[in-house]
Amino acid sequence: MTKKGGSQKLKEQNRRQLWLIIAANAIVFGVACQWSTFELSGIKAALTGAANLLPVGLAVVVTTIANGLLNSATKERLVFLRWSDVLPGHRAFSVHAKADPRIDFTRLQRACGNKVPSDPKEQNSLWYRFYLEVQDVPAVLQVHRDYLLLRDYTGLAALFLIGFGIAALFLVAQWKAFGVYLGILLFQLIVVRHAAATYGVRFVCTVLAQKAGKPTAPSAAKKSPA
């Protein structure tokens, strides 16, 4: 949806948050694996069950590597639940621009040369051109960063559900604890995916709102001193 250079810088800024997400999920996984011990021994379980934390460290390594194997297209399909014309940019003008109250659609039409595209690929291509013009605007940078963070989190959440879920099937002794833990993983994926999709649409609309808010050449000429 955007050029690689800008996205890469924003991804690097999100790296710390993603590591915290991985660490938090690993801790919850460790607690689920030792639930019976924690119930019986309380705080002593942190010491007596230390050896059982080895699978947690292994799971973190495997999950981190696996996240690198998920390319952007796969993560975007997970977020937007589409196989083709996945990105909200493919519906930027036909759907999202008309639904966002921040966007003056009449001015946006003029910015498009009064020829608003209807083809999904043409919509995404034109949206991308507009993005290049406003990519350094703080509002665009912030929502772009938020989207990338939640998109990557969605990929991780899917891997957590598969990787940690399968590991918990063998390592969590109590079926009740296993069911609760699996529910937490599924709930995490559902919530994060929805948030990522929302921010993806907001990213597209923020770009269009910035473009529609920019003065056109004739307007600028009228305001210029004689």
Side-chain angles (χ1 to χ4, degrees), residues 1-25 63-64 66-103 108 111 117 120-161 185-214:
M1 191 152 60
T2 60
K3 68 177 184 179
K4 293 184 178 179
S7 298
Q8 191 61 38
K9 291 178 182 177
L10 295 175
K11 285 180 182 179
E12 290 173 0
Q13 294 175 18
N14 288 334
R15 187 169 298 172
R16 182 172 178 272
Q17 288 94 323
L18 290 175
W19 270 110
L20 289 174
I21 289 166
I22 293 172
N25 274 269
T63 302
T64 304
N67 182 51
L69 297 176
L70 289 179
N71 58 27
S72 297
T74 301
K75 294 174 185 176
E76 286 155 358
R77 288 189 177 107
L78 283 171
V79 169
F80 300 109
L81 301 179
R82 287 172 173 266
W83 187 259
S84 60
D85 297 333
V86 176
L87 300 172
H90 289 117
R91 292 162 295 284
F93 301 92
S94 59
V95 177
H96 303 308
K98 296 176 181 178
D100 195 316
R102 299 175 299 168
I103 299 172
L108 185 62
K121 290 182 174 56
E122 291 179 1
Q123 289 188 63
N124 193 55
S125 178
L126 181 57
W127 174 86
Y128 178 71
R129 281 169 48 198
F130 289 169
Y131 161 75
L132 292 179
E133 297 178 19
V134 299
Q135 61 181 319
D136 294 323
V137 174
V140 174
L141 281 171
Q142 184 60 53
V143 72
H144 188 188
R145 180 182 175 184
D146 292 340
Y147 164 67
L148 290 176
L149 174 62
L150 290 168
R151 185 199 67 179
D152 289 347
Y153 189 178
T154 300
L156 283 172
L159 293 170
F160 291 150
L161 180 61
L185 290 177
L186 182 59
F187 180 74
Q188 175 180 234
L189 176 58
I190 291 172
V191 171
V192 173
R193 187 217 65 81
H194 179 74
T198 300
Y199 272 97
V201 172
R202 189 176 300 173
F203 174 34
V204 166
C205 290
T206 300
V207 168
L208 296 180
Q210 291 291 329
K211 178 63 180 179
K214 292 176 68 176

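Reckoned from all heavy atoms, side chains included, excluding hydrogens, waters and symmetry mates.
Between Phe160 and Ile21 the shortest side-chain heavy-atom distance falls below 4.5 Å. Between Phe130 and Leu108, some side-chain heavy-atom pair lies under the 4.5 Å cut-off. Contact check for Leu70 versus Leu156: no side-chain heavy atoms found under the 4.5 Å cut-off. Counting heavy atoms from C-beta outward, Asp146 and Leu149 have side chains that stay 4.5 Å or more apart. Put simply, the side chain of Asp100 does not reach to within 4.5 Å of the side chain of Arg202, judged on heavy atoms. No side-chain heavy atom of Leu126 sits less than 4.5 Å from a side-chain heavy atom of Glu122.
The main-chain N or O of Ser94 is found under 3.5 Å from a side-chain atom of Gln123 such that the two form a donor-acceptor pair. Within the 3.5 Å criterion, the main-chain N or O of Leu150 finds no donor-acceptor partner in the side chain of Arg193. The main-chain N or O of Pro120 is never found under 3.5 Å from a side-chain atom of Asn124 such that the two would form a donor-acceptor pair. Of the possible polar contacts, one joining the Arg91 side chain to the Leu87 backbone as a donor-acceptor pair under 3.5 Å is found.
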Do Thr154 and Lys75 pass the side-chain contact (heavy atoms from CB on, under 4.5 Å) test, and can you show the C-alpha distance, the side-chain angles, and the key distance before you say yes or no? CA-CA 7 Å; Thr154 300; Lys75 294 174 185 176; over 6 Å; no
- Could you go step by step and tell me if Arg151 and Tyr199 meet the side-chain contact (heavy atoms from CB on, under 4.5 Å) rule? CA-CA 9 Å; Arg151 185 199 67 179; Tyr199 272 97; over 6 Å; no
